[in-house]
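Notes to accompany the following structure.
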Amino acid sequence: MSSSFPGARPRRLRTTPAMRRMVAETRLHPSDLILPAFVREGIAAPVPISAMPGVVQHTRDSLRKAAVEAVSAGVAGIMLFGVPEDAKKDAVGSAGTDPDGILQVALRDVRAEVGDDLVIMSDLCLDEYTDHGHCGVLTEDGRVDNDATLERYAEMAQVQADAGAHVVGPSGMMDGQVGVVRDALDQIGKEDVSILAYTVKYSSAFYGPFREAVGSSLVGDRKTYQQDPANVRESLRELALDLDEGADMVMVKPAGPYLDVLARVADAVDVPVAAYQISGEYSMIEAAAERGWIDRDKAILESLTGIKRAGADMILTYWATEVAQQF
């Protein structure tokens with residue numbers, strides 16, 4: 001039998017929707033999805049994020065409802081970001097380690113509401129809480145002090161775990177952050193709290209809408225600690241270090257522009273791999289769909305399928321609940 005045309009006709013396996021479903025190599029499932037969510041201090045109603053149509057800064061009450069909705073849809077987890085009042089920001093991000101800070105309060109709220117039915121994750125970084133907007137403590141000449149920042153991360157890990165986080169996500173790209181966080185958790189008997197390491201986090205233009213979402217005070221950029229978009233070997237080195245320090249799961253962020261890196265990471269590890277479809281990826285699709293340039297629903301599913309196909313076991317996406325409800 002001929003192995004080429006006309007004997008070989010790959011289109012036979014594309015003839016009907018049922019046929020295409022049967023032979024699909026990549027499948028999305030609600031349990032693949034994690035919902036990032038913002039909770040803002042001092043607001044009486046959810047505040048729409050203008051650069052991210054359909055996404056809001058939640059009140060404590062609306063966040064609880066969003067968590068319940070995610071559980072009902074079958075979403076696997078929720079990643080929480082706190083947005084403090086501007087007056088509570090300072091040079092060292094004190095609100096980030098205050099047991100009564102907005103993120104810790106929200107963690108307790110969601111844990112009380114959904115218990116273990118949703119994997120509750122917390123962003124472990126100082127940028128939302130500092131008046132300069134950087135992810136760490138600054139030296140007198142304005143550089144981010146890696147080791148001084150690690151001390152703050154250790155405190156953050158402990159208060160977030162005490163507040164009910166199942167998983168902490170150190171995202172500041174400080175050298176040694178995973179090991180320090182692991183030690184800090186173990187010291188207070190939180191050995192069961194997992195670490196989702198932001199292992200590959202590029203200094204990306206696609207974070208733009210996120211700055212509005214968290215009320216960022218950043219002036220300048222984070223190129224001295226986030227990774228250079230030109231590099232991939234550097235990412236694999238970061239991966240080896242995070243695994244050696246005790247990361248339970250690893251992440252690539254952003255997702256869409258770095259599918260090649262995601263594939264390299266997925267091929268290299270035996271731990272779960274996450275990818276974060278970030279704010280700019282979300283907003284581009286929403287903006288194009290608003291103008292009638294693309295089919296919104298199909299573009300969403302195609303973008304998520306591509307991330308899954310590249311090797312992600314878990315995808316953080318602002319469409320998590322919406323997409324999960326379609327299954």
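It should be emphasised that the depicted structure is a prediction, and the values quoted were computed from it without experimental measurement. Keep in mind that the numbers below use all heavy atoms, side chains included, and drop hydrogens, waters and symmetry copies.
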- Message: With a sphere of 6.0 Å drawn around CZ of Arg27, does it hold more than 12 non-hydrogen atoms of other residues, nucleotides or ligands?
- Response: yes

- Please test Leu138 against Val144 for side chain to side chain contact (heavy atoms under 4.5 Å, CB included), starting from the C-alpha separation and ending with a verdict. CA-CA 4 Å; Leu138 301 185; Val144 175; 3.7 Å; yes

- Is it true that Leu239 and Met173 fall in one hydrophobic cluster, defined by side-chain heavy atoms closer than 4.5 Å? no

- Item | Salt bridge flag under 4.0 Å for residues Asp228 and Lys223 | no

- What orientation do Tyr276 and Phe81 show, parallel under 30°, tilted 30 to 60°, or perpendicular over 60°? tilted

- Task: Considering only NZ, NE, NH1 and NH2 on the basic side and carboxylate oxygens on the acidic side, decide whether Arg264 and Asp267 come within less than 4.0 Å.
- Result: no

- Query: Below 4.5 Å, heavy atoms only, C-beta onward: do Glu69 and Gln325 meet side chain to side chain?
  - Reply: yes

- Task: Using the side chain to side chain contact (heavy atoms under 4.5 Å, CB included) rule, take Gln160 and Leu124 through it: C-alpha gap first, then chi angles, then the decisive distance, then the call.
- Result: CA-CA 8 Å; Gln160 289 177 2; Leu124 199 164; 3.8 Å; yes

- Query: Under 30°, 30 to 60°, or over 60°: which ring-plane class applies to Tyr258 and Tyr202, parallel, tilted or perpendicular?
  - Reply: parallel

- Message: Test of understanding: clusters of I, L, V, M, F, W, Y form through side-chain heavy atoms closer than 4.5 Å, transitively. Do Ile285 and Ile315 belong to the same one?
- Response: yes

- Query: Between Arg233 and Glu238, does at least one N-O distance fall below 4.0 Å, as a salt bridge requires?
  - Reply: no

- Is Leu241 reachable from Val269 through a run of I, L, V, M, F, W or Y residues, each pair having side-chain heavy atoms under 4.5 Å apart? no

- Do Arg296 and Glu290 touch side chain to side chain, with heavy atoms closer than 4.5 Å? no

- Query: Does the side chain to side chain contact (heavy atoms under 4.5 Å, CB included) test come out yes or no for Glu41 and Arg60, once each step is laid out?
  - Reply: CA-CA 8 Å; Glu41 190 171 26; Arg60 290 173 60 186; over 6 Å; no

- Side chains of Tyr129 and Leu103: does their closest heavy-atom pair fall under 4.5 Å? yes

- Salt bridge between Glu155 and Arg152, side-chain N to carboxylate O under 4.0 Å? yes

- Message: Would you say CZ of Arg143 has more than 12 non-hydrogen atoms from neighbouring residues, nucleotides or ligands within 6.0 angstrom?
- Response: no

- If you draw a 6.0 Å radius around CG in Asp100, do more than 12 non-hydrogen atoms from other residues or ligands fall strictly inside? yes

- Phe210 versus Met52: any side-chain heavy-atom pair under 4.5 Å? no

- Among Glu286, Gln326, Gln277, which one satisfies side chain to side chain donor-acceptor pair (under 3.5 Å) with Trp319? Glu286

- Task: Determine whether more than 12 heavy atoms belonging to other residues, nucleotides or ligands lie under 6.0 Å from atom CZ of Phe206.
- Result: no

- Message: Tell me the closest heavy-atom pair linking Met249 and Ser194, and the distance in Å.
- Response: CE-CB, 4.0 Å

- Query: More than 12 foreign heavy atoms under 6.0 Å from CG of Asp141: is that the case here?
  - Reply: yes

- Between Asp98 and Lys88, is there a salt bridge with N-O shorter than 4.0 Å? no

- Task: Any chance you could lay out the side chain to side chain donor-acceptor pair (under 3.5 Å) test for Ser94 and Asp90, step after step, and finish with the verdict?
- Result: CA-CA 7 Å; Ser94 298; Asp90 60 23; 2.5 Å; yes

- Query: Do you reckon Ile278 sits in the same ILVMFWY cluster as Ile49, going by side-chain contacts under 4.5 Å, direct or chained?
  - Reply: yes

- Salt-bridge contact Arg222-Asp127 (side-chain N to carboxylate O under 4.0 Å): yes

- Message: Can you tell me if Glu234 has over 12 outside heavy atoms packed within less than 6.0 Å of its CD?
- Response: yes

- Query: Can you hop from Leu107 to Val114 via hydrophobic side chains spaced under 4.5 Å?
  - Reply: yes

